[in-house]
2 protein chains.
Amino acid sequence: MKIQPPRGTRDFLPEEMNRRRKAFDSIRNVFELYGYGEVCTPAFEDFKLLSKKSGPDIEKEIYTFKDKNGRKLGLRFDPTVPICRIVASNLSLAKPIKFYYITNMWRYDRPSVARWREFWQCGAELIGSDRADADAEVLSLVFKSLNAIGIKNFCFKINSRKIVNGILQLFDIKKPLWPDYMRILDKLDKIGAKAVFKEFEKLGLKKEQYISAENILRNSISIEELKKYIIGVYKNKNKNPEENDAMGGFSELERIIKLAKLFGVRNIEFDASIVRGIDYYTGFVFETFVKGYENFGSVASGGRYNDLIKIYSGRETPATGFGIGIDRLMEILKDEEYSPVKIFVAPVNEETRREAIIIVQILRKNNIKADTDLIGKKLGKQMKYVNAMNIPYTIIMGTKELGRGEVLLRDMKTGKEKRIKNEKIVDVAKSL
Amino acid sequence: MKIQPPRGTRDFLPEEMNRRRKAFDSIRNVFELYGYGEVCTPAFEDFKLLSKKSGPDIEKEIYTFKDKNGRKLGLRFDPTVPICRIVASNLSLAKPIKFYYITNMWRYDRPSVARWREFWQCGAELIGSDRADADAEVLSLVFKSLNAIGIKNFCFKINSRKIVNGILQLFDIKKPLWPDYMRILDKLDKIGAKAVFKEFEKLGLKKEQYISAENILRNSISIEELKKYIIGVYKNKNKNPEENDAMGGFSELERIIKLAKLFGVRNIEFDASIVRGIDYYTGFVFETFVKGYENFGSVASGGRYNDLIKIYSGRETPATGFGIGIDRLMEILKDEEYSPVKIFVAPVNEETRREAIIIVQILRKNNIKADTDLIGKKLGKQMKYVNAMNIPYTIIMGTKELGRGEVLLRDMKTGKEKRIKNEKIVDVAKSL
């Protein structure tokens with residue numbers, strides 16, 4: 001029998017879970033400081049709901065199944081759609097709605113470096129505000145979250161779907177093709193230029209159209225240069241530059257950048273090539289790259305999706321948000337020393353076991369992580385266990401010491417021992 | 001389109017998640033004080049692994065599906081089997097292994113009161129010790145966990161599979177029928193005596209056999225009375241009572257009860273009717289009932305399963321553990337007042353928005369949960385929002401006050417207001 005977890009999934013053992021739990025707690029603390037409340041949705045959803053925005057093609061990429069009543073369900077692969085469903089089914093919620101989540105998700109993907117079939121993501125959604133303030137707060141949440149878990153050296157690359165739309169307009173690429181264009185361009189790093197160009201041609205684009213658009217998107221052009229360029233093109237044609245969608249995008253981005261600084265965010269760069277592959281974005285989009293780990297791709301991404309909730313609720317509801325990929329972050333974060341408890345209470349023989357239980361319970365009652373032997377090991381084997389578990393201190397319960405109302409405390413790193421009166425154990429343990 | 005979660009599942013909104021998170025944190029704290037480390041296994045497992053111990057019939061009760069490569073998978077419905085898989089695939093782990101989990105699981109069950117298709121459970125497994133000390137620690141973990149979340153009035157009903165086996169021996173019920181007998185008897189509360197008797201007859205049991213066994217199991221007989229009764233029957237037949245399996249069970253239970261007291265556990269009762277429906281138990285078993293909520297059934301159950309890990313690893317590995325049903329506990333625990341933040345910073349007009357952001361960021365930096373308006377609401381609507389969200393304090397940023405380097409702090413419960421100098425905001429906010 002196979003005793004490994006299913007392909008593309010992992011078991012997390014205590015050392016790794018401890019690192020993850022610490023990261024989750026730090027991020028949760030930031031989210032809650034900003035007034036976001038945690039939500040949790042079911043692991044599976046009605047497949048129709050999941051495919052509503054992504055289209056039925058999504059089935060190839062996710063886990064779907066029928067329950068015993070014939071309902072077609074799919075495992076959650078994106079947290080935003082279920083959250084939109086919550087909003088649509090709770091129309092009385094006061095706006096803005098500030099929700100966060102820390103959860104696992106599933107995709108039927110080819111497993112690779114930091115790409116898993118069961119993966120973890122945390123993020124937040126800010127629903128009900130169309131203001132740049134909201135997008136700036138979103139950037140600030142990511143900034144503070146990454147800082148909180150010890151990642152300081154990263155930068156945001158931001159863009160607006162409106163700017164990308166404007167560039168496509170510039171080269172007479174027709175509006176119905178825009179979503180496909182962006183989905184294809186977003187795959188550039190993954191599948192390469194040749195494959196991308198082939199897909200553009202399948203869309204019916206002329207070479208000069210897609211090459212020109214792609215050139216601008218792929219060059220590191222500044223926001224001012226791009227603005228000037230578009231204005232120049234329109235003026236040459238004697239047309240009003242304000243007809244181009246990008247102009248609205250520029251002023252929004254400028255406002256977001258200004259406000260994000262007020263929110264304490266640093267390291268924001270404009271990057272016209274950030275398009276995000278997902279259909280539902282309508283304006284501001286961003287990705288986040290950690291210095292030295294650019295090969296992982298973006299560790300935190302998001303943006304504004306003003307039309308998504310209306311699909312489920314029928315009501316106009318502007319929204320912005322982001323997701324942080326936990327698995328990639330955990331690859332970047334350093335390992336920490338892990339030990340399940342601070343003190344191991346070691347009875348030297350059967351007679352001292354009773355006292356060992358009493359002492360370990362006193363330590364636990366005083367909020368000190370402690371353990372004792374439950375197997376009946378001899379002292380030598382207990383010490384081996386203490387070392388294997390990386391436990392820093394041992395209290396040795398000897399018969400001689402017991403008679404004197406004492407125990408022996410051993411520092412496992414230095415090997416130093418000292419005698420402690422029973423009534424001092426808690427104080428000494430707290431001070432370690 | 002259906003915008004409700006799938007049948008038998010729920011969305012958890014912030015108020016409910018906050019209650020759950022607090023309970024999880026309290027329980028986690030207890031588990032970690034005892035030296036248990038958190039583990040997390042994939043949401044789905046190889047179906048063969050899941051059905052190995054429960055038999056293929058389990059398929060009717062769980063979610064199963066094939067992935068795109070034809071692998072038959074099942075959603076996790078029991079945490080013990082995946083944990084045994086971890087142990088089997090990590091043979092070098094030092095013993096005892098102390099693992100805990102707090103996670104969701106899935107069963108294709110008819111939804112009813114506090115019975116969900118997606119449900120939450122936490123628990124711990126103590127692997128590698130066959131001593132009563134280990135079972136006593138398990139009871140102690142449950143005792144302290146329930147206490148930690150505020151449930152004080154409950155009792156443990158304990159038994160041993162060996163005692164049940166002994167009773168079945170007493171009435172000449174053959175060993176191969178024991179697992180079926182226990183699985184059927186465990187359904188008594190659910191399906192009633194008539195249906196249970198019918199199933200016993202299908203097993204080939206004679207009425208006098210199952211009625212006699214069931215009578216003893218269902219009567220509240222004390223451990224001493226039962227022991228005396230079995231010894232009496234054997235002596236009458238001139239047989240050695242030690243031939244009966246129950247005798248080993250009695251001495252084990254007596255030892256567990258004595259040690260559990262040393263671990264600080266109260267309210268343990270022997271109850272011969274506790275059998276636990278699951279096949280893998282081999283000795284000590286227990287259930288936990290909260291006074292006044294007996295109709296919920298057991299809120300925490302477990303026991304010793306000395307043979308389960310061997311199935312996966314080929315090595316003898318004694319183990320004991322338990323699971324706590326979170327959903328039932330949350331029904332018992334009282335609601336708490338919930339507010340996403342402590343302070344809302346309300347700008348009175350567009351000019352004071354900038355300062356509102358600065359102040360809210362200072363509060364957050366000082367670890368005070370705070371929020372401000374991101375929608376552009378007028379003051380009156382902001383106050384409505386503050387009341388709807390149950391936020392206890394508002395800092396009002398008026399133009400006049402701003403000029404004086406002051407803000408207005410309003411206590412939303414009493415309606416009282418006071419002026420505060422900007423430089424005092426953090427101190428005052430901390431003291432609230």
Side-chain angles (χ1 to χ4, degrees), chain A residues 1-6 9 11-14 17 21 32-35 37-46 48-49 63 65 67-68 71 73 85-86 88-89 94-96 104 108 118 128-129 131 133-134 137 262-264 312 340-341 354 357-358 361 364 369 371 374-376 385 388-389, chain B residues 1-6 9 11-14 17 21 32-35 37-46 48-49 63 65 67-68 71 73 85-86 88-89 94-96 104 108 118 128-129 131 133-134 137 262-264 312 340-341 354 357-358 361 364 369 371 374-376 385 388-389:
Chain A
M1 193 185 343
K2 191 170 156 334
I3 55 166
Q4 301 308 319
T9 69
D11 295 322
F12 298 107
L13 296 188
M17 272 312 280
R21 190 59 61 196
E32 297 203 341
L33 278 175
Y34 278 72
E38 189 170 4
V39 292
C40 179
T41 65
F44 44 75
E45 296 275 356
D46 189 347
K48 271 203 216 98
L49 182 104
Y63 287 90
F65 56 94
D67 78 4
K68 292 178 209 313
R71 293 178 192 89
L73 302 170
R85 183 182 54 64
I86 292 188
S89 58
K95 301 270 175 13
N104 47 352
Y108 193 78
E118 178 175 63
S129 172
R131 292 174 68 105
D133 311 50
E137 181 170 284
L262 198 59
F263 270 104
Y312 304 105
V341 293
R354 212 187 115 82
I357 292 176
I358 292 170
Q361 287 299 106
R364 290 165 176 171
K369 292 186 187 181
D371 208 351
L374 298 170
I375 294 193
Y385 177 78
M389 301 305 279
Chain B
M1 193 184 342
K2 192 170 155 335
I3 54 166
Q4 301 307 319
T9 70
D11 295 321
F12 298 107
L13 297 187
M17 273 311 280
R21 189 59 61 195
E32 298 203 341
L33 279 175
Y34 278 72
E38 188 170 5
V39 292
C40 177
T41 65
F44 45 74
E45 295 276 356
D46 189 346
K48 271 202 216 96
L49 182 104
Y63 287 90
F65 56 94
D67 79 3
K68 293 179 209 312
R71 293 178 192 89
L73 302 170
R85 184 181 55 63
I86 293 188
S89 58
K95 300 268 174 15
N104 47 352
Y108 193 78
E118 178 175 63
S129 172
R131 291 173 69 104
D133 310 51
E137 180 170 284
L262 198 58
F263 271 103
Y312 304 106
V341 293
R354 212 186 115 81
I357 292 176
I358 293 171
Q361 287 300 105
R364 288 165 177 173
K369 292 186 187 180
D371 208 350
L374 297 169
I375 294 194
Y385 177 78
M389 301 305 279

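Numbers restart at 1 for each chain; the letters A, B, ... are given by sequence-line order, proteins then strands.
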Using a strict threshold of under 4.0 Å (side-chain N to carboxylate O), is an ion pair present between Asp46(A) and Arg85(A)? no
For Arg21(A), check side chain to side chain contact (heavy atoms under 4.5 Å, CB included) against everything at least two apart and list the hits. Met17(A), Phe24(A), Asp25(A), Arg21(B), Arg28(B), Glu38(B)
Top residue by heavy-atom pair count (under 4.5 Å) with chain B, among Glu45(A), Glu137(A), Met389(A)? Glu137(A)
Most heavy-atom pairs under 4.5 angstrom with chain A, which of Tyr63(B), Tyr34(B), Phe12(B)? Tyr34(B)
So which of Gly128(B), Cys40(B), Ser129(B) has the biggest tally of heavy-atom pairs under 4.5 Å with chain A? Cys40(B)
Against chain B, work out which of Gly264(A), Ala388(A), Ala94(A) has the most heavy-atom pairs shorter than 4.5 Å and name it. Ala94(A)
Quick check on the interface: out of Ala134(A), Gly376(A), Pro96(A), Pro340(A), who has the most heavy-atom pairs with chain B under 4.5 Å? Pro96(A)
Heavy-atom pairs under 4.5 Å with chain A: which of Gly35(B), Pro6(B), Gly37(B) has the most? Pro6(B)
Chain A heavy atoms under 4.5 Å from Ile357(B): which part of the residue, side chain, backbone, both or neither? side chain
Measure distances from Arg354(B) to the heavy atoms of chain A and classify the residue's part below 4.5 Å as side chain, backbone, both or neither. both
Under 3.5 Å, is there a donor-acceptor pair between the side chain of Thr9(A) and the main chain of Pro42(B)? no
Heavy-atom pairs under 4.5 Å with chain B, option from Asn104(A), Ile86(A), Ile358(A) with the top count: Ile86(A)
Taking only residues two or more places apart in sequence or in another chain, which ones pass side chain to side chain contact (heavy atoms under 4.5 Å, CB included) with Val341(A)? Lys369(A), Asp371(A), Ile391(A)
Side chain, backbone, both or neither: which part of Tyr385(B) has a heavy atom under 4.5 Å from chain A? side chain
So which of Leu73(A), Leu13(A), Thr41(A), Ile375(A) has the largest heavy-atom pair count under 4.5 angstrom toward chain B? Ile375(A)
Answer with side chain, backbone, both or neither: which region of Ala88(B) has an atom nearer than 4.5 Å to a non-hydrogen atom of chain A? both
